[in-house]
Structure formats: C-alpha cells, structure tokens
Amino acid sequence: AEVPDEPLPAGAVTRFGSLHFRLPERIDAAALSPDGTRLALASGPAVRVYEAATWRRLHTLPADGSRGAGAVDRALTFSPDGRRLGYARNGQFAFAWDLTTGKQTQRFDSGDRWGWQGFCAFTPDGLLALSDKEKLRFFDPVTGAEKRAVNAPHTIALSADGKHYVRYTGRIEPVSLVLGDASTGTDLHRFEATVGWTPGVSFAPDGARVTLVPMDGTEVEVWDVAKRARVARLPAPAGPRPPTGQTAGCRNGYDGGFTLDGREVWLQLPSGDLARWSAGKLRELSRMAAGPARSLGCVLPLADGRTALVSGGSGGVRIFDRHTGRERAVPGRYASDAAFAVAPGGAFVAVGDVTGRIDLLDPATGKLIRTVREAGAPVRHLVFGPDGLALGAAEGEYSDDYRTRKRWAVRAVWAPDGKELWAEARDAAKGEEVRDVWPLGFTTEDRIVVSRYPQSGRVFDTRTGKEGPELAVKSSNAAVSPD
C-alpha cells in the first residue's frame, strides 16, 4: 500500500508536492540501522525514524535542549542490534532511546555547552560512548551509569569492535588526529594530515581500516589500523575548488569515509557531488551528482544492495542507484528552493524547481493538471499573465562557490502547451555580463515587464521581441497588479 504523506500543518488545506523523503527543516544528522532497513534523521528538537525503503514513519523522538555546538552525522547512531538509538545533539545534551518502545531511556547533560564532542557510538556490549574535553566515557544507556572511562579526550570516532578510537589532539589550529587503543586510552599513532573541525573520519565495519579526509578535501587517506600504515591515497577528481582558507564541505571540512556495509569509500566534493571507490580494490566508481540542488551528504546503503539514500542539509533525502550512480526521482516531490505562482482567479498553481521542471497543479487538491516543461535551467521565480495563460520564469545558474552567476535568463511561455513565446538570456561563458533579470508580471498576455536589477525595468512584446519603454524600477521586489 502507498505510504501516506505527512499530515498537513494546522490550518492548511492542501500541499503542493510531497514530503516523501524530505523533512520540513534541514537535516542535522543521519544514521542507518545495521540491517539497512531503518533511517534516523535528526532535525532541530527531534529525531524521526523511518522505514528506509518506503518512508513510513516509525517514531518521532523528542530531543529537547539547544545549548552548544550543533550535531553532525557521527553524532547519531544505532546500536549493533538495532534496538537502541543514541544522539549527541549538541555540546551539552545527548540522548538514548529504546526503539522497541519509542521511549527515551536517558538524557545525558555534560554541564557544559561545549562538553560533548559531537560524537556518539555503541560498543559491541551495548554501552553508549560519549566524549568530552577530558575522557572517552562509556555509559549504560538504560540506567545512565558511567561504566568506565579512558584518557582519550576529543574522541570523534570509535571502531565497531570497540577497540580503537580517533580523536583530536586539541581544538587549537592546526588540528590533527590521533589513533588510539580504546581499552587503555593509549595513543598509538598521530596522523600527519591537517583536518577541519568536523573531518570525514570513519572505520571500516571490521575495524581493520580507517579513512580520513584532509581539510582541503583533495583526497581520502586509507590506513591499516594494525600496521598503522597508510595503504592508499584516493585523489579527488579534478574540478574547481574554493579559494584558499575556504571550504565548501561539511561544516569546515569535507566529509567522506566508508559506507555502513563497508563496500564503498566516498568523498564529498566542492561541487556537492560524491566521488566513490570500491573498498576492496579501491577502484573508482561512478560519481553521484548533486545537480543544481548541490546538497549531498553521507551515503547510506539500503538492505537490497542496489540502493543508497544520500542525506542533504536542506531537508531532502535523495535516492541513488549504487551500480550506476544515477539518481532516482521521488514521485511528486520538488527539489529545494521551489518557485510558486498562483494564476489570477486561482484556476491553478505553477511550481518550478532547480531541475527546471514546471508543473501546473490543482489549487484545491494539489494534484498535477499538466507538466509545462519536464526539465531545463533552474527555475528561480514564476509569475502569471492577467488571464493565467502566459507564464514568466526567471532561470539562473550560479558558479560552484555561489559568488557569481554563470547563466541567467527570463522567459515567457504559453502555459497550456509549454511553447516558448520570448526569452532574454545571458551566459558568462560567452563573455556576456550576467545580472539578475526577473519577470515582474504582464500588462497583457503578450507584454511582459522585466526588472534588470540594479538598472531599470523594461516592457517587452513577447510576439515581436521588441523592447518597450524603460520603467523606473530598480528592484526585483516589485509586482504588476492583476489588471
């Protein structure tokens, strides 16, 4: 049976699009159960647990307390048997839940807003590991009793067998990492690479290898834990990189590491794409492309061995084919930053998103009436003509660092059939100056008003392409009245 969408907020009568594989707010941390069947997503003051293949919600777990540094993916984890969930929400508060009942079993207060280190893990015997500025501590998740502790401050990763940890040497730049013995707290090896505040560090499921991503994100280092020797350096594919001192990765550092099933190693690229390698032969695999949404996080492989869920900070969970690296569409769902417009008289609603798709929807039911365009340049703004037949669209693509615009266009299309009536486009690759150009509305179905921020506005005849009089409009935040 089809899984129903999320309930509507109070007072809402319909939803345009779907919340399947999407949260209402940004995703702070993500984790997959050991058997690959359940997905946990932390967002604000709650953790939601879903059936990973269908998006059927299983639990909503309150996580009150908002003091201290925010969470990252390694701060959310399932126990080895999948019965419990741990979450270090921030520097002061961490939580444990029993997933058989959906009840919170413990809330751990460090007493310091910078106490817990944005990490938690379960040991094979079911203890919850949390780290602060002094020790790596192991707690009973039911009673909250501290069972043991070792001198391993600032720990950020623990192997699944509970034998080894990786920790920061301190929180003063330059930051480096240390491999240690989790039973004694003895440091065994200091890595040479300088890393960011939240580096990509992960152990293979068997604990035999560990990966780390240097701060510049140019490679993934693969280390043999027993030999304490680097066995491979997986270089990031060539591509544009941010200026020195800036990172486009996961919170001051690029993320990456082993997948939960240990079959792949992945690396977050500045573009938002994910580079991948087979964990056995370290052979490069097809890339997972972020596309215009530019929001890919950790790779979460499902139990079928073919599908991977990839979290995105904007709230979306995206579905990829592991064999091909291609994304699978979620029916009815729009990408982030969708643009909306209501036709005069409320006959229908137009929706466009960064994939370039433009749909007309029924305002009463939210159901699709027709698709104006399947794909194209990212849609940034939509506006209807006075009769609801002509539709104006602003389209734009930004550079990889989001500092400049690569291409920008404004178009007028005929909503009933999607036929283009008129367009004005600029492309930086052709040496053209690219600025914001926005459709403000139509004076008639064939005369569109366009803002060329920050210069002025113009009226264009969509039948002839002729440019009309200049208007004293120096803002994209303007509109044309329906009449």
Side-chain angles (χ1 to χ4, degrees), residues 1-10 12-63 71 73 75-87 89 95-105 122 259-261 288 293 295-322 326-336 338 361 365-368:
E2 183 179 349
V3 176
D5 212 338
E6 294 286 330
L8 290 171
V13 296
T14 191
R15 172 180 286 124
F16 303 110
S18 171
L19 281 180
H20 278 145
F21 293 91
R22 178 184 295 282
L23 296 187
E25 301 86 25
R26 67 169 288 111
I27 296 172
D28 297 319
L32 198 67
S33 62
D35 62 2
T37 62
R38 288 169 293 160
L39 173 68
L41 297 172
S43 178
V47 177
R48 297 173 176 90
V49 182
Y50 295 90
E51 191 176 78
T54 67
W55 198 248
R56 182 170 67 91
R57 194 194 296 194
L58 304 175
H59 302 289
T60 299
L61 310 172
D73 284 329
L76 185 65
T77 185
F78 284 85
S79 62
D81 61 7
R83 296 179 58 192
R84 301 191 185 279
L85 187 70
Y87 178 41
R89 182 185 175 191
F95 302 85
W97 294 276
D98 184 334
L99 296 180
T100 63
T101 64
K103 301 295 185 181
Q104 179 181 304
T105 58
F122 282 96
T259 54
L260 183 66
D261 60 4
M288 291 179 175
S295 182
L296 293 183
C298 60
V299 180
L300 305 167
L302 298 194
D304 64 5
R306 304 185 305 273
T307 307
L309 303 182
V310 180
S311 62
S314 62
V317 176
R318 299 167 66 177
I319 306 173
F320 284 85
D321 186 304
R322 296 181 73 179
R326 294 175 181 171
E327 185 171 4
R328 298 174 186 167
V330 178
R333 190 183 79 173
Y334 295 101
S336 59
L361 307 177
T365 65
K367 293 183 177 180
L368 179 68

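All heavy atoms count here, side chains included; hydrogens, waters and symmetry mates do not.
Every residue was checked against the ring pair (Phe, Tyr, Trp, His ring centres under 6.0 Å) condition with F16, not counting sequence neighbours, and none meets it. Residues meeting the side chain to side chain contact (heavy atoms under 4.5 Å, CB included) test with L260, sequence neighbours left out: L32, P301.
For the pair H59 (side chain) and R48 (backbone), a donor-acceptor distance under 3.5 Å is absent. A donor-acceptor pair is defined here as one N or O able to donate and one able to accept, closer than 3.5 Å; such a pair exists between the side chain of R333 and the backbone of F21. Within the 3.5 Å criterion, the main-chain N or O of I27 finds no donor-acceptor partner in the side chain of S43. In terms of modelled atom types and a separation under 3.5 Å, the side chain of R15 and the main chain of P7 share a donor-acceptor contact.
Ion pairing between a basic and an acidic side chain is recognised when a charged N comes within 4.0 Å of a carboxylate O; R322 and D261 show such pairing. Between D321 and R328 there is a salt bridge, with a side-chain nitrogen of the basic residue lying less than 4.0 Å from a carboxylate oxygen of the acidic one.
Side-chain contact between F320 and T307 is absent, with no heavy atoms from C-beta onward closer than 4.5 Å. Contact check for F95 versus R89: side-chain heavy atoms found under the 4.5 Å cut-off.
A distance of 13.5 Å separates CZ in F78 from OH in Y87, rounded to the nearest 0.5 Å. Expressed to the nearest 0.5 Å, how far CD1 of I319 lies from CG of L300 amounts to 12.0 Å. Rounded to the nearest 0.5 angstrom, T77 OG1 and L85 CG are separated by 7.5 Å. Atom CD of E51 sits about 10.5 Å away from atom OG of S33, to the nearest 0.5 Å.
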